[in-house]
Amino acid sequence: MIPVTFDYVRAESVNEAIQQLKDSDGEGKVLAGGHSLLPLMKMRLTEPQVLIDITGIDALKEVRKEGDRLIVGALNTHREVSIHPDIKEHIPLVAETARQIGDIQIRNKGTMGGNIVHADSAADLPAAAFVLDAEVLITNEFGEQAMGIDSFILGPLITMMPEDSIVTGVSFQIPPTHTKSTYLKYFHPASGYPVVGVAAVAGTDSNGNIDFVRVGITGAGDVAFRATSVEEELLGKAPSEAVIKEASKLAADDGEMGSDLFASPEYRENLCKVYTERALKSILL
Amino acid sequence: MSKVVGTSVKRKEDSRLLTGNGRYSDDIVLPGMLHATVVRSTSAHAKIKKIHVEEALNHPNVVAVYTGKDLEGKVGPVPTSWYVPGCNLKEPPQYPLAIDRVRYVGDGVALVIADDRYAVKDAAELIEVEYEELPAVVGQKEAMKEDAPLLHDDIENNIALQWKAGEIPEGVMENAEVVVKESFYVQRVFPSPIEPRAAVAQYNPGSGELTLWCSSQNPHIHRMVLAEVLGISEAKFQVIAPDIGGGFGGKIGVYPDEALVAFASREIGKPVKWIEERSEHYTAANAGRDEIIEVELAGKKDGTLEAIHVKNTANLGAYLSTMGAGVSTIDFGMMITGTYDIPYAACETTGVYTNTTPTDAYRGAGKPESTYQIERIVDLFAREVGMDPVELRKKNFVKKEAFPYQNAQGLLYDSGDYEKPLNKALETLNYEELRKEQERKRKEGKLMGIGFSTYVEMCGFGPSEVVGAVGFQGGTWENSTVRVHPSGKVTVFCGTSPHGQGHDTTFSQVVADKLGIPIEDIEFVFSDTKSVSMGWGTYGSRSTAVGGAAVSFAADRVVEKAKKIAAHELEVAEEDVEFENGTFSVKGVPGKERAFKDIAHSANMAWNLPEGMEPSLEAQYFFKPENFVFPFGTHVAVVEVDKDTGEIDLQRYVCVDDVGTVINPLTAEGQVHGGVAQGVGQALWEGAVYNDNGQLVSGTLMDYTLPKARFFPTIESDFTETPSPVNPLGAKGVGEVGTTASIAAAMNAVVDALSVYGVTDVEMPLTPEKVWKVIQEKEGNQ
Amino acid sequence: MAVEKRNVSVTANGQACSAEVEPRKLLVHYLRDDLGLTGTHVGCDTSQCGACTVMVDGDIVKSCTTLAVQADGSEITTVEGLGTANDLHPMQQSFWEEHGLQCGYCTPGVMIAALGLLKENPNPTEEEIREGLEGVICRCTGYQFIISAIQKAATIIQESGIDLNSQQLVGEGTHNE
């Protein structure tokens with residue numbers, strides 16, 4: 001499979017990239033690692049006329065802390081995210097998730113920004129993004145804006161990305177230091193995508209009661225979601241096997257379950273419950 | 001020099017493959033070479049109303065576009081190579097490009113030729129085909145129904161063949177103390193060599209000679225069949241199988257695409273290359289299995305088996321593939337009693353046309369399916385009569401003393417000792433302990449299972465009279481020529497066609513021992529119809545048992561002649577000459593000797609040969625085996641099933657195979673590992689799925705699961721050696737045993753784990769969801 | 001749409017190479033068809049099989065999911081850069097000794113992928129190797145001897161102090177024993 005013909009330009013700065021996007025009259029697409037875009041282009045499911053390669057823009061590789069948030073530059077590869085000391089220290093959930101994306105080859109090329117912009121319903125990162133109240137940092141000729149992940153991703157491969165804009169990074173909320181986190185993934189045996197991926201962050205107060213809990217689920221349906229019902233059920237309770245099991249039964253309540261050749265909605269619902277239970281047990285018990 | 005047969009010699013072929021110097025079809029680049037792509041049907045069943053080719057023809061890189069009509073009178077239909085007799089076989093013509101009707105998604109409708117490998121894809125997209133949709137039928141049972149759409153107007157109920165073998169006397173089934181019945185579906189899977197198919201054709205308009213490089217397991221069969229299809233003399237037609245990136249049966253078939261590439265080169269007068277894409281491969285290359293097997297096994301309460309009755313309904317796809325008729329009949333039906341001394345057996349096979357890609361041989365071809373049904377039903381029988389599955393197997397095994405043993409279907413098993421590998425496996429497993437562990441786990445509510453498969457399979461194709469009698473359009477004997485150069489170095493030719501098995505090495509081991517020369521002095525030539533005499537290729541685990549035997553006999557002939565020359569030079573009678581370790585010596589006269597290479601020189605110079613002897617040192621042997629060979633063994637899988645998710649954890653895999661004399665233990669073990677991965681793959685993960693409209697929904701590696709490294713535990717593999725009397729090497733066949741055995745072993749393990757719920761079958765592949773649903777249903781807490 | 005060809009220059013296995021290519025040309029086809037490095041193969045079209053794995057600036061990538069223009073200016077190592085038949089790289093040597101290949105088609109990609117794995121984890125357990133091979137598919141071997149080969153290569157590489165992070169892998173072969 002071969003993409004249709006297109007032109008290729010490199011951008012040296014964010015502004016230049018934005019200009020090149022404008023010049024393309026809506027026919028341009030931004031190329032970073034290419035691991036979301038090129039497979040679609042090879043299948044001729046998308047046929048941009050120009051690819052704007054932004055990998056030379058060093059500013060997009062930054063990782064920086066701003067208050068209670070950690071900002072991960074869009075061009076960081078999954079590999080870089082998985083080993084970055086600041087990411088591992090402040091948002092280990094994101095590092096752990098990145099380590100489970102695809103395979104080594106894909107992690108070497110695929111980027112944080114590309115993964116989020118692509119909005120594949122079976123991507124790994126959205127679970128962590130929902131859990132850590134991620135904001136997508138978008139720049140265009142009118143300036144910068146931060147868009148909450150839940151309003152950014154609208155559906156499978158559909159986002160609120162404004163025209164002629166570049167995602168410069170993703171900002172994650174740093175969870176309280178007393179919490180633990182994990183990403184538990186059920187691998188699709190063929191594609192390696194999550195059939196269900198559960199990201200969880202939780203911690204207990206000095207009385208041993210749960211005072212912080214976030215559960216995000218990806219892969220189960222068209223869009224990732226926060227399992228708020230589970231969170232509400234757990235908050236304020238002392239964690240036990242029984243309490244977690246009971247709460248995890250609500251894991252599929254806040255999302256729509258999808259269906260494919262491998263798993264029905266019914267089975268995905270079960271996986272949401274079982275993997276939520278296992279994820280929460282591993283960090284709370 | 002010590003003998004090398006039986007030792008783990010490192011492979012000779014590896015130095016080129018490890019350094020990027022292999023030469024696969026896509027590595028072949030010829031001056032002026034054009035690129036081909038086949039436009040394929042997107043509809044499972046439709047009339048072709050019109051094909052618009054103008055836009056494609058106007059593409060600046062395009063050289064030619066052909067449709068089915070353009071080929072009429074120039075390229076004939078591609079025929080099957082297996083006319084199974086006595087089954088009312090109906091073979092519809094399969095034209096290289098569909099003419100007025102397409103019958104499966106992937107059926108070729110147009111051929112585009114351009115001067116650039118990317119542009120040819122662009123041009124192919126410009127071709128528009130107008131279809132008139134027809135109703136499609138995908139399943140074999142559905143296709144046989146009265147109201148099912150007909151694929152071929154003159155083939156009633158889409159039935160391609162109805163075959164029977166064996167008879168059970170009246171009353172045997174009816175009066176049996178115990179009868180166990182089950183229906184199994186051995187689902188459609190893809191052989192999936194990592195190199196898809198490929199062909200490069202070069203026609204010489206001056207000489208009329210045609211050369212075809214193609215990813216084939218049997219270039220001589222390709223030449224034989226395509227010469228007919230293309231109307232070209234075999235003497236002007238050279239087929240070469242270069243390095244091949246795996247076959248597994250998928251590259252036995254002679255395909256329309258290869259005919260198309262050859263046709264285009266002849267038509268245009270330039271070389272043409274066609275490289276298949278992965279997703280194209282899954283719609284256009286033959287698939288494997290797809291058989292619904294209904295079994296009844298009758299016997300006594302004490303566990304004695306008395307009769308087996310099997311009905312196989314096989315999905316042949318839209319056309320009859322190269323071996324399409326033989327797989328579910330001869331290959332399957334003659335082996336239904338397996339390793340057991342069951343007095344009566346009967347098999348009825350119905351082959352059915354459907355709107356799917358044709359099915360053909362896939363690693364084991366009929367034997368994995370046959371092993372699957374007997375090994376599954378035997379387990380269920382053991383459960384029914386309350387016996388341990390191992391005990392029941394031992395009770396019914398053909399006994400060691402009974403060989404050669406004729407099974408109920410008339411096959412003569414060459415040699416065997418079925419308890420030997422089983423006992424060895426039990427020891428490795430620590431079986432009694434393992435069953436106790438299973439008991440303990442069951443008490444804790446865990447689902448652990450142990451599954452056995454004690455198989456035998458027919459391979460080493462084969463005795464020509466027999467394969468002829470069953471309608472195979474080939475001889476399946478084998479040839480080898482051993483050519484000794486003046487220096488004593490040797491080139492050996494053989495008609496088998498290795499594609500990963502390592503015959504360069506194993507066959508060299510045979511020659512090295514025979515001639516007493518180092519392995520490095522031996523080079524092999526395979527897979528080229530111009531240099532190698534008629535041969536039949538590599539499939540059905542035939543290469544060592546038949547080709548290797550031919551090599552061995554040819555080497556004997558060389559020694560025989562060399563000995564005469566040595567005797568002449570040493571001035572003694574031939575009977576007084578001994579040959580050992582590459583040296584001819586005179587019995588009882590130390591020091592009076594000639595080295596093999598001295599004789600090689602003498603023979604080639606011919607300055608002083610025995611009177612009347614022809615010069616040179618070269619011998620050819622055509623070996624026609626008297627019988628098939630029958631490897632056997634025991635495979636055991638140990639699994640634990642996750643109750644909450646239905647996920648299966650394959651914890652141990654133990655196998656002990658008896659493939660006769662092992663020539664190279666390392667490569668033999670490699671064959672077993674690969675076979676096991678494919679068989680376990682079928683049981684647990686792989687499955688080709690069509691929707692009701694005949695669209696393939698598992699058409700890429702995103703959806704079709706090829707097993708990955710992390711799916712397996714360490715395979716604990718071992719051998720016993722019971723030589724075959726059929727060939728001088730004592731070798732049987734090792735290529736297919738792993739696949740033949742392992743599907744049933746893995747399935748029996750999972751069914752054993754689920755036996756606490758009374759489960760007798762779950763349809764393959766055992767996706768976690770299916771298993772989970774069974775557990776949910778049985779636990780009643782859905 | 002007519003598009004100008006681009007010059008793509010790389011250092012492939014230590015040698016400077018360049019060719020004019022369409023922007024859409026995949027790196028694997030640039031390597032195979034333009035540079036003649038046919039040791040790298042294509043096995044699928046959806047980035048699963050990993051037969052096309054090569055090293056770009058020290059990182060393993062799937063060259064069927066990378067454009068040649070993206071690799072402009074980079075250093076590339078393919079199987080041809082590992083070692084020669086008479087001077088095999090420890091990875092090749094180990095694949096040979098442990099029978100880590102059968103048809104050989106996936107092998108170049110698997111060996112390069114294994115080097116990428118060892119760069120991340122120089123001394124992996126069997127389980128870590130199995131997981132680390134997620135990005136490659138072998139249909140012949142059942143993986144077992146591939147795993148033994150990688151274990152052996154890891155030992156040789158560690159014992160002989162070869163630095164996998166030096167991008168130049170060429171000429172670091174061990175001579176045949």
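Source: prediction; values computed, not measured. Here is how names work: the chains are called A, B, and so on, in the same order as the sequence lines, proteins then strands, and each is numbered from 1.
- Pro768(B) touches chain A through backbone and side chain together, each having a heavy atom under 4.5 Å away.
- Ring pair His188(A)/Phe262(A) is tilted by interplanar angle, where 30° to 60° counts as tilted.
- In this structure, Arg188(B) CZ and Leu696(B) CG are separated by 8.5 Å, a value rounded to the nearest 0.5 Å.
- Ranking Arg710(B), Arg117(B), Lys770(B) against chain A, the residue ahead of the rest is Arg710(B), based on heavy-atom pairs under 4.5 Å.
- A distance-only check finds a donor-acceptor pair linking the side chain of Lys643(B) to the backbone of Gly445(B) [under 3.5 Å].
- Heavy atoms of Glu277(B) lying under 4.5 Å from chain A belong exclusively to its side chain.
- Within the 4.5 angstrom heavy-atom criterion, no atom of Arg278(B) approaches chain A.
- Residues Phe712(B) and Trp685(B) bring their aromatic ring centres within 6.0 Å.
- With no hydrogens or angles considered, no side-chain donor-acceptor pair links Tyr183(A) and Thr218(A) at under 3.5 Å.
- If you measure heavy-atom distances from Val689(B) to chain A, the contacts under 4.5 Å come from the side chain alone.
- Proximity to chain B is absent for every atom of Arg268(A), based on heavy atoms less than 4.5 angstrom apart.
- Between Asp124(A) and Arg99(A) there is no salt bridge, since no side-chain nitrogen of the basic residue lies less than 4.0 Å from a carboxylate oxygen of the acidic one.
- Chain A forms the most heavy-atom pairs under 4.5 Å with one residue out of Asp642(B), Thr645(B), Asp703(B), and that residue is Thr645(B).
- Under 4.0 Å is where a charged nitrogen must lie from a carboxylate oxygen, and between Lys249(A) and Glu233(A) no such pair does.
- Proximity to chain A involves both the backbone and the side chain of Ser698(B), based on heavy atoms less than 4.5 angstrom apart.
- Of the atoms belonging to Lys121(B), heavy atoms from both backbone and side chain fall under 4.5 Å from chain A.
- For Glu280(B), no part lies near chain A; criterion is any non-hydrogen pair under 4.5 Å.
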